[in-house]
There are 2 protein chains.
Amino acid sequence: MDDLETRELRYFVAVAEELHFGRAAQRLGMAQPPLSRAIQQLERRLGVGLLERDRRGVALTAAGEVLLREGRATLDAAAAAARRARRAGGADGPGERLVLAAKAAGSHELLQKLLDAHAAEPGAAEVEVLLCGLCEQEAMLRDGRADVALMYTPFNSLVGFDSEELATEGQVAILPAAHPLAARTTLSLADISDVPGLPLARWPRRDGGYPPGPGPEIRDQTQLAQLVALGRTVAVFPEYGRSWLWAEHAAVPLTDAPPVVTHIAWPPHSRSRALAGLVRTATRL
Amino acid sequence: MDDLETRELRYFVAVAEELHFGRAAQRLGMAQPPLSRAIQQLERRLGVGLLERDRRGVALTAAGEVLLREGRATLDAAAAAARRARRAGGADGPGERLVLAAKAAGSHELLQKLLDAHAAEPGAAEVEVLLCGLCEQEAMLRDGRADVALMYTPFNSLVGFDSEELATEGQVAILPAAHPLAARTTLSLADISDVPGLPLARWPRRDGGYPPGPGPEIRDQTQLAQLVALGRTVAVFPEYGRSWLWAEHAAVPLTDAPPVVTHIAWPPHSRSRALAGLVRTATRL
DNA sequence: CGCCGTGATACCTGCCAGGTATCACAGCGC
DNA sequence: GCGCTGTGATACCTGGCAGGTATCACGGCG
């Protein structure tokens, strides 16, 4: 059967995400009629209805859901192909360059040790560090902006990547130093989940949404630090968070929070010497 | 930057595989000049040389190698998107259908048990079994011909898939019943690797090539069975091979061959109820 | 009953993918 | 040396299709 063109997938993904032909067309920088036509053609070629148009917006069919998921993966793969090929050709003079994606709020100590150890290796590839927000490493690996990433389970998902475990650590409660609970030597999740006047901070889920609850929605570490210092919230955070604590903060170990495991992860089928070297260095730390 | 179209990737992959514009064009069902032009355009758009033309054939540059690997993955993803969407829409009447890929020469017992157990589950999805050759399950999962597969490490690679371990077993030497070694109760790899007049059969590697050596190149299990029965070769094979032995064959356990682990594997990010049910059934066997 | 806002249709046009014919060049047999 | 063959590149043309504009059909809503 004839293949899907990435153009068609781009169009479909835009419509499926917006659930609105007009807005999708605008986002794609084109007029609405050709977009409608393109989607109709796609449906005819696949022999399957993708969208349920009912005069008041648009809904995905089961087949549409599948194509949205697989289409996104395909577009990521295409973007990755372009980026990686471009990079492989651009800098063939000084040897390969690696792009390492890491959470900006991640463990500075580990990152520093990894970069130092790698730089000390003879013939090590140059490593560019790409710091990202809370959950973007996965997307960066998938679409080729990064070659390798530091990921933290259970926050990041390792599904679809190769990885090696680097370290395991507990989590702490980060709370205002002045709060009575800050004096405790250990806490449990139950202790901090229903404190009057000190709601539990809410981290974004993988889909970008937030779990329900009274606490503030956290977008980055700075914001969290400020909120805790102001006495407005308490948060669960990995041990390495101790390194950025303010005087107004206190960290108390949590006995029953799930442990956080740091992994180094990379796209499957990557077989470059530079990447292998960095991974080897990392596992030896 | 503007995306790559799958058309361009198809063209490039064809040329990169053939290393010959004329043959590639023929394979693509088009004339050579537009193909040359398309590749030139692609190189200009990426800003990177992909092929080294030197008047006597064509060679891949470093960037070309990268684009070949990533391009194949992208094309597989696109094919998978089309197939899975088509299937998701086609059979929405009787519930989801699953396509299970399994090696034709794999363990019949395990497959039978899995299918029986799954069929006994209430509300189980219909499972279509797709039997394939020696190493095709990976490609089938990647390009959407199958939804889930039984894979055998170390023969299959699990890189890029999610999987669960199902069983572990040893390997046996399969040799002519009349041969003196057939009388032994156990053997080591050293015992069978240099037997005069009985060379070791060579299995295909993952890239489709064969390791060097004097023994015959094996393409399927029937061929192997015939060769062993004729006294022409000895082969290393998982325990489950005992089920298809002929009277002319003997199987002797190998003490130092790597164990074979059976996994059930599926593409990452598959989150269908039907698949989850089959995997759950499999892990409970 | 007009008036939006939705997606679909009709129709036109310019671009580009692809075809044919040909070139430029390197090896090679004589 | 001189064709001959086989390589990829170039020149030029054409048809189809992607995309634009104008408009329709229709459902909610004041």
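No experiment lies behind these values; they were computed from the predicted model shown. Proteins get letters first, then strands, A, B, ... in listed order; numbering begins at 1 in each.
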Pairwise 5' ranking along DNA chain D for A38(A) and P33(A), keeping only the more 5' one | A38(A)
Interatomic distance, [X] [atom1] vs [N] [atom2] [rounded to whole Å]:
| X | N | atom1 | atom2 | value |
| --- | --- | --- | --- | --- |
| L19(A) | dT6(C) | CG | P | 13 Å |
| Q32(B) | dA11(D) | CD | C1' | 13 Å |
| L35(A) | dG19(D) | CG | P | 10 Å |
| E52(A) | dT6(C) | CD | C1' | 16 Å |
| Q26(A) | dG7(C) | CD | C1' | 16 Å |
| L42(B) | dG18(C) | CG | P | 14 Å |
| R53(B) | dC23(C) | CZ | P | 22 Å |
| L51(A) | dT6(C) | CG | P | 16 Å |

Which nucleotide in the list [options] gets nearest to the side chain of [X]?
| X | options | answer |
| --- | --- | --- |
| R7(A) | dG19(D), dG8(D), dG7(C) | dG19(D) |
| Y11(B) | dG20(D), dG18(C), dT20(C) | dG18(C) |
| Q41(A) | dA8(C), dA9(D), dA18(D) | dA18(D) |

Phosphate contact ([N] OP1 or OP2) by [X] side-chain N/O below 4.0 Å:
| X | N | answer |
| --- | --- | --- |
| H20(B) | dG8(D) | yes |
| S36(A) | dA8(C) | yes |
| R37(B) | dG19(C) | no |

Have a look at E17(B) and tell me which of R23(B), R69(B), R27(B) forms a salt bridge (charged side-chain N to carboxylate O under 4.0 Å, His left out) with it.
-> R27(B)
Do the side chain of R202(B) and the main chain of P211(B) share a donor and acceptor less than 3.5 angstrom apart?
->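 Yes, R202(B) side chain to P211(B) backbone: donor-acceptor pair under 3.5 Å.
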For atom CD of Q221(A), is the number of surrounding heavy atoms from other residues, nucleotides or ligands below 6.0 Å larger than 12?
-> yes
Taking side chain as C-beta onward, heavy atoms only, is V13(B) less than 4.5 Å from L68(B)?
->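 Side-chain contact under 4.5 Å: yes.
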dA9(D) base to Q40(B) side chain: any donor-acceptor pair below 3.5 Å?
-> no
Can you name the residues that form a salt bridge (charged side-chain N to carboxylate O under 4.0 Å, His left out) with R10(A), not counting sequence neighbours?
->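 Salt bridge (charged side-chain N to carboxylate O under 4.0 Å, His left out) check on R10(A) returns D3(B), E5(B).
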